[in-house]
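Inspection log for the structure reproduced underneath, given as structure tokens.
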Amino acid sequence: DGGLNWTNVNGGAKYDLAFNPMDHNIMYTSGYKNIQRSLDNGKTWAVINSSGLPLADDVVWCRLGVTNANPNIVFAWYLGTSANSFGLFKSSDAGVNWRKVNAQTIGAQAGYDFVLAVSPFDSNLVFCGGQDLYFSNT
């Protein structure tokens, strides 16, 4: 109804929301210490527990990015409390399995200047920003 009425479907702090550009039923959110996925247009949510992601207790912030170029690719960029929880993680199967693709840390003032964007035309062109801006084009 265009924002006239609201229903709380997923409580707690959320930092990012990303939609699968080819399937509106698939959505992702990064929240306090986790990433969640919805397969039913945001009605229900489940925490993604992949062995390829950092431990929840090590996570401070996370940003998400998806792309029209390949809607199965999802990027998650973590800032955390340990060396294992920093870096860029990638899923090639819509968030089921993840692997760390880069351990780079950048200066960021918590979530205030912490961004992630993936080109809508090239799934290999990824931008990460904090106090500086970085890009990868592999």
Side-chain angles (χ1 to χ4, degrees):
D1 61 4
L4 184 62
N5 297 292
W6 295 90
T7 303
N8 185 347
V9 294
N10 191 352
K14 304 293 180 258
Y15 307 126
D16 240 346
L17 179 67
F19 292 84
N20 179 306
M22 302 302 174
D23 184 348
H24 68 273
N25 286 303
I26 302 173
M27 302 165 63
Y28 309 91
T29 185
S30 62
Y32 182 69
K33 297 197 175 277
N34 63 43
I35 297 175
Q36 297 177 8
R37 181 179 56 194
S38 173
L39 300 175
D40 58 8
N41 201 25
K43 293 180 183 102
T44 61
W45 294 85
V47 173
I48 296 174
N49 290 315
S50 171
S51 61
L53 292 174
L55 298 174
D57 288 343
D58 292 341
V59 174
V60 177
W61 293 93
C62 177
R63 295 292 188 214
L64 300 171
V66 296
T67 175
N68 288 356
N70 185 339
N72 287 320
I73 292 179
V74 184
F75 286 96
W77 186 33
Y78 281 92
L79 291 179
T81 59
S82 74
N84 293 330
S85 60
F86 281 92
L88 186 66
F89 295 77
K90 179 180 180 180
S91 171
S92 297
D93 57 8
V96 176
N97 296 292
W98 294 81
R99 64 183 176 88
K100 190 176 209 174
V101 295
N102 190 299
Q104 174 109 16
T105 61
I106 67 166
Q109 298 166 342
Y112 301 108
D113 58 3
F114 177 47
V115 296
L116 170 67
V118 185
S119 166
F121 308 107
D122 182 351
S123 63
N124 290 313
L125 183 57
V126 182
F127 290 86
C128 296
Q131 292 168 321
D132 296 311
L133 181 64
Y134 295 87
F135 82 95
S136 174
N137 189 11
T138 59

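The figures here come from the full heavy-atom set of this structure, side chains too, leaving out hydrogens, waters and symmetry mates. Throughout, residue positions are numbered sequentially from 1 according to the sequence presented. In this text, all values refer to a predicted model and were calculated from it rather than measured experimentally.
- Judged by distance alone, the side chain of N68 and the main-chain N or O of P21 form no donor-acceptor pair under 3.5 Å.
- The aromatic rings of Y78 and F89 stand perpendicular to each other, their planes meeting at an angle above 60°, with 30° marking the opposite boundary.
- Interatomic distance, CH2 of W61 versus CG of L116, reported as 15.0 Å (0.5 Å rounding).
- Distance alone, capped at 3.5 Å, places no donor-acceptor pair between the Y15 side chain and the L64 backbone.
- In plain terms, the two heavy atoms of P120 and T67 that are nearest each other are CA-OG1, 3.6 Å.
- Note that the CG atom of L88 and the CH2 atom of W98 stand 9.0 Å from one another [nearest 0.5 Å].
- Note: N20 CG to D23 CG = 5.5 Å, rounded to the nearest 0.5 Å.
- In terms of hydrophobic clustering, with Ile, Leu, Val, Met, Phe, Trp and Tyr side chains grouped at heavy-atom distances under 4.5 Å, V47 and L53 are assigned to different clusters.
- Looking at T29, its side chain never comes within 3.5 Å of a backbone N or O of K14 through a donor-acceptor pair.
- Residues Y28 and I48 approach most closely at CD2-CD1, 4.5 Å, considering heavy atoms.
- Between N137 and L125, the closest side-chain pair of non-hydrogen atoms falls below 4.5 Å.
- Linking Ile, Leu, Val, Met, Phe, Trp and Tyr whenever their side-chain heavy atoms come within less than 4.5 Å leaves V115 and V74 in two separate clusters.
- Here the shortest heavy-atom pairing between V66 and F19 reads CG2-O, 3.0 Å.
- At least one side-chain heavy atom of V96 sits less than 4.5 Å from a side-chain heavy atom of R37.
- Looking only at distances, a side-chain donor or acceptor of S38 sits under 3.5 Å from a matching main-chain atom of T44.
- Judged by distance alone, with hydrogens and angles left aside, the side-chain atoms of S119 form a donor-acceptor pair with the main-chain N or O of F121 at under 3.5 Å.
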Derivation and outcome, side-chain contact (heavy atoms from CB on, under 4.5 Å), residues R99 and V101: CA-CA 6 Å; R99 64 183 176 88; V101 295; 3.2 Å; yes
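- A distance of 10.5 Å separates CE in M22 from CG in N72, rounded to the nearest 0.5 Å.
- Atom OG in S50 sits 9.0 Å away from atom CD1 in I35 (nearest 0.5 Å).
- Cluster membership for M27 and L39, using ILVMFWY side-chain heavy atoms within less than 4.5 angstrom, is not shared.
- Cluster membership check: L79 shares its hydrophobic cluster with V118, using side-chain heavy-atom separations under 4.5 Å among Ile, Leu, Val, Met, Phe, Trp and Tyr.
- Listed here is the closest heavy atom pair of N5 and D1: ND2-OD2, 2.6 Å.
- One N or O on the side chain of N8 and one on the backbone of N10 form a donor-acceptor pair closer than 3.5 Å.
- Remark: F127 engages F135 in a ring-ring contact (aromatic ring centres under 6.0 Å, His included) (not counting sequence neighbours).
- Smallest separation of non-hydrogen atoms from C62 and A76: SG-CB, 3.9 Å.
- In terms of heavy atoms, H24 sits closest to N41 at O-OD1, 3.0 Å.
- No side-chain donor-acceptor contact under 3.5 Å links R63 to the backbone of C128.
- For the pair S91 (side chain) and I73 (backbone), a donor-acceptor distance under 3.5 Å is absent.
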